[in-house]
Amino acid sequence: MALDKNGIAQRIAQDLRDGWYVNLGIGIPTLVANYIPEGIEVEFQSENGILGMGPFPFEGEEDADLINAGKQTITAMPGAVYFDSATSFAMIRGQHVQLTVLGAMEVADNGDIANWKIPGRMVKGMGGAMDLVASADNIIVAMMHTNKKGESKLLSKCSLPLTGVGCVKKVVTNLAVLEITSDGFKLIERAPGVSVEEIQNATAGRLVVEGEIPEMKLN
Amino acid sequence: MALDKNGIAQRIAQDLRDGWYVNLGIGIPTLVANYIPEGIEVEFQSENGILGMGPFPFEGEEDADLINAGKQTITAMPGAVYFDSATSFAMIRGQHVQLTVLGAMEVADNGDIANWKIPGRMVKGMGGAMDLVASADNIIVAMMHTNKKGESKLLSKCSLPLTGVGCVKKVVTNLAVLEITSDGFKLIERAPGVSVEEIQNATAGRLVVEGEIPEMKLN
Amino acid sequence: MNKVVPNVEEACKGIESGMTLMLGGFGLCGIPENSIAQLVKMGVNDLTCISNNAGVDDFGLGLLLQGKQIKKMISSYVGENDEFERQMLSGELEVDLIPQGSLAERCRAGGAGIPAFFTPAGFGTEVAEGKEVREFNGKPHILESALTADFAIVKAWKGDTEGNLVFKATARNFNPMMAMAGKITIAEVEELVPAGELDPNFIHTPGIFVQRIFKGEKFEKRIEQRTVRPKN
Amino acid sequence: MNKVVPNVEEACKGIESGMTLMLGGFGLCGIPENSIAQLVKMGVNDLTCISNNAGVDDFGLGLLLQGKQIKKMISSYVGENDEFERQMLSGELEVDLIPQGSLAERCRAGGAGIPAFFTPAGFGTEVAEGKEVREFNGKPHILESALTADFAIVKAWKGDTEGNLVFKATARNFNPMMAMAGKITIAEVEELVPAGELDPNFIHTPGIFVQRIFKGEKFEKRIEQRTVRPKN
């Protein structure tokens, strides 16, 4: 069965390692914070200027001066720190953040990503996405395998304007975990009950299937 | 009579304006702080990371963590602020400091300055001098008109390795106040009792003397 | 060295139509709301506004958009604003979209006397069009230039009479860099204290970057996305 | 996420001969004296040291010079040190002199992922030799590149278990930028507190830049130029 958004987040959370600093984009990536494996500590960076972001505040305790990059009211964990936007992107550009998780409209089998602009529609802007994808050593894209029309979002070439070139390392979708290799998307894991064939059918870009593909293990 | 070092500092202090941020180099420039005209407030920046530098501490109150760019123990005025070296030179390079006063070994009549290196001798380094001279809109050089051998330090071309190119705007020496113009050193004021001829004799670079040259007015 | 002006009217004096302004804030967090209200009152127009966002329809820079006072926006993200969308699609409003980190660094560069720097952000995208590309450490980078403004308008939590500023939590965001990059920088603060009351170790924006400071009359501090969890 | 190591021995593990180190401090102010003493003990040599100054004969980096552990110094000012002078004039020691502002900015750039930037400092001087020159706003600038190090060693006043650092007065100087630019950054602090004790608004170096932190055993904090005025 294909995963839902929480399932995708849960699978990505398995990749977290103790001591990592992590930047989560808006949408599915945000959910990753709910599935941190036991026994490890990670710290969340929000590019508007906080390290050590905590959960939403209790009702009535919202602080207009304390928000995340999605403009949502948040809290700060003990040991948190606030900083300005230049310092924030110094962390990102300088590769001090160990993992970036973000959504995408399209990913190409060479690691290109498009997630900021649809020609003809209102363009809201790239925000911090271009800095994040151009800088991070370790980028996981969290998205559905296909769009609302059922078309594959894993392509041989992005059709939309690019956010970054050759930067995605890994994609986790409702169907599969895939790594970007020089030969294209390499299938690493299948969602529980999803066949290799289903994944092949939903993938427009080059797909590499080698040997037995294990199922994801989710709790 | 030619000025002494304190006289040079006193004359330069007359150029200070209320509200200015000022960086004083080591040597004669440091003495300028002793002659701030009444009724005006200036704030001293030291490039190692303080704005609002105060006088030396009282005996027994020295703090190893609070020094100026000359590595001397200092104090901080009310309203002072500490910052890192990158921010400090952001102030300097970004032209937020209204006046820089520094010493020199040689100044050329096109505004070139040499004050950091004598070939064959131990080179201590340029410290912040190259940033200061390349950035400041308003640089006054405070120095003796001639060196210990009696040779002019105001030249048509610097013989020593340069610290900066075409950057000096004004020179105040023990003999005169001079502005750098496209025609060379323009004589603005004479030290009390010093003749134009004496200044001409002590100046190797092009000297422009137009009309009556007034004497400096010092209290 | 007293930089205090009595009110927002004095603070905004000299801002004219056609000027380039930088305005601090991220979303509606840390925006100079008193000064924005004054700009509406003054009716200056043809403004180029450098600000990470463009406010919402009825708050922040949205208010200037309503009055068609803005000619051009330089931002990283401009969603959440119908009037913005209308003016942009109709061509009334010029928009220059810049990656957020490049925007922050370009403002800092403008204030720090660094005319240009290389960054990997935007390489291979339309952001890189017309820009120099150079490889460093095997990775392509593009050359970005400094941004400055006629006036920078920032909002701080506390300030003193020397112009030293302290920001609260994530309301800091773009304010410190923009304060550096204004030819004239105006700071509106929630609390204005005498020089010497702020700890010199803990000042975010040294007063050298601030030319005018005033206590804002009223801070609504509107929340854009109120997200909470229930108390149990 | 506990970055605390019990002592200077653990903190300096992995530092090897031939490595490039950054060391915070200006003069003797804010230098990581415990770690420097440990480097002497460890006897690592052929070091490239990036530090604004080189200490004095018997303190700071001067101690490493005495033991001929330094192959190359990258600094802005290296006076006040006879052994340094001797080694430099004899050619035993390589010295790369850099304008102080460029040194600070190059460290920051290294930490911030900016591989190169333009600055006016040094144009027309020997510092500019071999460097690209380009005019911006009618003024020539030279292209300077980022600096990074295998280890950055900084000294802070207070730190917490997450690696967040606070500096005191002018002992801040180069420490924050160097903390950003080390592949591994070691912080020695006078006071080590649990996470949550430092005010998140007032942290100079966010812990993300620091990998190891320890409480220094002893801080001599020597004064280089004791200047005072008489009490009357």
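Here is how names work: the chains are called A, B, and so on, in the same order as the sequence lines, proteins then strands, and each is numbered from 1.
- Counting heavy-atom pairs under 4.5 Å between each of D/C29, D/P99, D/C107 and chain B puts D/P99 at the top.
- Chain B forms more heavy-atom pairs under 4.5 Å with one residue of D/T125, D/V95, D/V127 than with any other, namely D/T125.
- Neither the backbone nor the side chain of D/N52 comes within contact range of chain B; no heavy atom of the residue lies under 4.5 Å from a heavy atom of that chain.
- Contacts between residues 120-131 of chain B and chain D, defined by a heavy-atom separation under 4.5 Å, are made by B/M122, B/V123, B/K124, B/G125, B/M126, B/G127, B/G128, B/M130, B/D131.
- Contact annotation for B/I92: neither backbone nor side-chain heavy atoms come within less than 4.5 Å of a heavy atom of chain D.
- Residue B/D112: no heavy atom, backbone or side chain, is found under 4.5 Å from chain D.
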(message) One pair to check against side-chain hydrogen bond (donor to acceptor under 3.5 Å, both in side chains): D/T227 and B/T73. What are the steps and the verdict?
(response) CA-CA 5 Å; D/T227 46; B/T73 46; 3.1 Å; yes
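- By number of non-hydrogen pairs under 4.5 angstrom with chain B, the leading residue of D/E126, D/H141, D/H204, D/K139 is D/E126.
- Residue-level contacts of residues 160-187 of chain B with chain D, in order of numbering, are B/P161, B/L162, B/T163, B/G164, B/V165; threshold 4.5 Å between heavy atoms.
- Under 4.0 Å is where a charged nitrogen must lie from a carboxylate oxygen, and between D/E144 and D/K131 at least one such pair does.
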(message) B/F56 vs B/Q72, test: side chain to side chain contact (heavy atoms under 4.5 Å, CB included). Steps then yes/no.
(response) CA-CA 8 Å; B/F56 295 149; B/Q72 299 170 310; 3.8 Å; yes
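- With a threshold of 4.5 angstrom between heavy atoms, B/A69 approaches chain D through its backbone and through its side chain.
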(message) Let's go through D/Q87 and D/E83 carefully: what are the C-alpha distance in whole Å and the side-chain angles of both, what is the deciding distance for side-chain hydrogen bond (donor to acceptor under 3.5 Å, both in side chains) to 0.1 Å, and is it a yes or a no?
(response) CA-CA 6 Å; D/Q87 290 185 21; D/E83 177 62 17; 2.7 Å; yes
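- Contacts between D/I98 and chain B at a heavy-atom distance below 4.5 Å involve the backbone alone (N, CA, C, O).
- Heavy-atom contacts from other residues, nucleotides or ligands closer than 6.0 Å to NZ of D/K71 number more than 12.
- Between the CZ atom in D/F26 and the OG atom in B/S46 there is a gap of 6.5 Å [rounded to 0.5 Å].
- For the options D/F167, D/F174, D/F84, D/W157, heavy-atom pairs under 4.5 Å to chain B are most numerous at D/F174.
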(message) Pair B/E106, B/S159 - check side-chain hydrogen bond (donor to acceptor under 3.5 Å, both in side chains), show working.
(response) CA-CA 8 Å; B/E106 297 177 348; B/S159 68; 2.5 Å; yes
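- Identified under the salt bridge (Lys or Arg N to Asp or Glu O under 4.0 Å) test for residues 52-62 of chain B, with sequence neighbours left out: B/E61-D/K231, B/E62-D/R226.
- Counting only residues at least two apart or on different chains, the side-chain hydrogen bond (donor to acceptor under 3.5 Å, both in side chains) pairs with a member in residues 24-38 of chain B are B/N6-B/Y35.
- Counting heavy-atom pairs under 4.5 Å between each of D/R222, D/R172, D/K221 and chain B puts D/R172 at the top.
- No salt bridge links D/R108 with B/D84; every basic N to acidic carboxylate O contact stays at or beyond 4.0 Å.
- D/N173 contributes atom CG, which lies 12.5 Å from atom CD1 of B/I50 (distance to the nearest 0.5 angstrom).
- Heavy atoms of B/F58 lying under 4.5 Å from chain D belong to its backbone as well as its side chain.
- Of the candidates D/V78, D/L64, D/L61, D/L61 is the only one forming a side chain to side chain contact (heavy atoms under 4.5 Å, CB included) with D/S51.
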(request) Could you check D/F219 against D/E188 for side chain to side chain contact (heavy atoms under 4.5 Å, CB included), going step by step and ending with a plain yes or no? (result) CA-CA 10 Å; D/F219 289 96; D/E188 59 175 79; 3.2 Å; yes
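- At a threshold of 4.0 Å, the pair D/E92-D/R86 counts as salt-bridged, since one of the basic side-chain nitrogens sits closer than that to a carboxylate oxygen.
- If you measure heavy-atom distances from D/E190 to chain B, the contacts under 4.5 Å come from the side chain alone.
- The candidate with the highest count of non-hydrogen atom pairs below 4.5 Å against chain B, out of D/G122, D/G27, D/P120, is D/P120.
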